[in-house]
Amino acid sequence: MKTKMCLFIAAISLAGCQSTSSDDEFVCSTQTDWQQLGLTTAQKGKSVRAFDRYKAQCGEALPPNAQDLYLDGFTAGIKEYCTYENGFELAQKDIENPNVCPFEIRAEFDKGYKIGYLDRREKKENADYAERELERRALQNRNGQSSTGQ
């Protein structure tokens with residue numbers, strides 16, 4: 001329980017107030033699986049603070065154990081999300097680092113993100129260089145052909 005609380009506090013302090021339209025589409029119902037909702041929220045790289053919006057939307061209809069279930073799911077999901085591999089993949093896709101990983105598990109994600117970013121940047125620089133080289137050769141060929149009268 002102590003680890004969950006540390007992860008929760010760290011996630012709240014790091015996450016800030018992020019909001020997306022998909023978060024706003026949530027509809028409170030008696031059928032809501034709060035643990036699954038917490039899991040999928042974390043797996044999407046969303047802030048733990050999404051629960052605050054759910055809580056406000058549900059009001060009195062919020063079950064008493066909803067927050068505990070949500071945090072259980074979120075904790076499991078954020079552990080899956082905050083991996084080296086996921087950080088690398090997000091950087092490769094040029095997706096901004098959402099900074100939702102708690103301090104205790106952030107290092108590997110950030111390392112993967114940094115290496116993925118550097119790899120993507122190097123590939124882009126190589127592609128740009130190759131394109132410039134092709135253009136240079138094409139221009140050189142055109143200039144060479146026109147000077148020989150062809």
Would you say Glu133 has more than 12 foreign heavy atoms packed within less than 6.0 Å of its CD?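 Counting neighbours around CD of Glu133, more than 12 heavy atoms of other residues, nucleotides or ligands fall under 6.0 Å, so yes.
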Please identify each residue that fulfils side-chain hydrogen bond (donor to acceptor under 3.5 Å, both in side chains) with [X], with sequence neighbours left out.
{"X": "Asn65", "result": "none"}
{"X": "Lys111", "result": "none"}
{"X": "Glu80", "result": "Gln43"}

Over all atoms of both residues, closest heavy-atom pair of [X] and [Y]:
{"X": "Ala50", "Y": "Thr41", "result": "CB-CG2, 3.9 Å"}
{"X": "Thr83", "Y": "Asn86", "result": "OG1-N, 3.1 Å"}
{"X": "Pro102", "Y": "Cys82", "result": "CD-SG, 4.2 Å"}
{"X": "Ala42", "Y": "Ile78", "result": "CB-N, 3.3 Å"}

Give the cluster check for Leu39 versus Tyr70: same hydrophobic cluster or not, with ILVMFWY residues linked at side-chain heavy-atom distances below 4.5 Å.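 Result: no, two separate clusters.
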List the residues meeting side chain to side chain contact (heavy atoms under 4.5 Å, CB included) with [X], not counting sequence neighbours, and say none if there are none.
{"X": "Asp52", "value": "Arg49"}
{"X": "Lys114", "value": "Leu118"}
{"X": "Leu139", "value": "Arg142, Asn143"}
{"X": "Glu122", "value": "Asn126"}

What distance separates [X] [atom1] from [Y] [atom2], expressed to the nearest 0.5 Å?
{"X": "Gln35", "Y": "Asp68", "atom1": "CD", "atom2": "CG", "value": "10.5 Å"}
{"X": "Asn141", "Y": "Arg136", "atom1": "CG", "atom2": "CZ", "value": "9.5 Å"}
{"X": "Phe74", "Y": "Leu69", "atom1": "CZ", "atom2": "CG", "value": "15.0 Å"}

Using side-chain heavy atoms (C-beta onward) and a distance below 4.5 Å, is [X] in contact with [Y]?
{"X": "Arg53", "Y": "Gln57", "answer": "no"}
{"X": "Tyr54", "Y": "Thr32", "answer": "no"}
{"X": "Lys93", "Y": "Glu89", "answer": "yes"}

Report the hydrophobic cluster partners of Phe88, with the cluster defined as I, L, V, M, F, W, Y residues connected by side-chain heavy atoms closer than 4.5 angstrom, directly or transitively.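 ILVMFWY cluster around Phe88 also holds Tyr84, Ile115.
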Are Tyr113 and Asn99 close enough, and set up right, to give a side chain to side chain contact (heavy atoms under 4.5 Å, CB included), and what steps lead you there? CA-CA 11 Å; Tyr113 192 89; Asn99 294 314; over 6 Å; no
[X]: which residues meet the salt bridge (charged side-chain N to carboxylate O under 4.0 Å, His left out) condition with it, sequence neighbours left out?
{"X": "Asp33", "answer": "none"}
{"X": "Asp110", "answer": "none"}
{"X": "Lys123", "answer": "Asp119"}

Looking at Lys124 and Asp128, is there a salt bridge between them, counting it only when a charged N and a carboxylate O are closer than 4.0 Å?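 Counted as a salt bridge, because a side-chain N and a carboxylate O are separated by less than 4.0 Å.
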By ring-ring contact (aromatic ring centres under 6.0 Å, His included), which residues pair with Tyr81, not counting sequence neighbours?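 Here the qualifying residues are Phe109.
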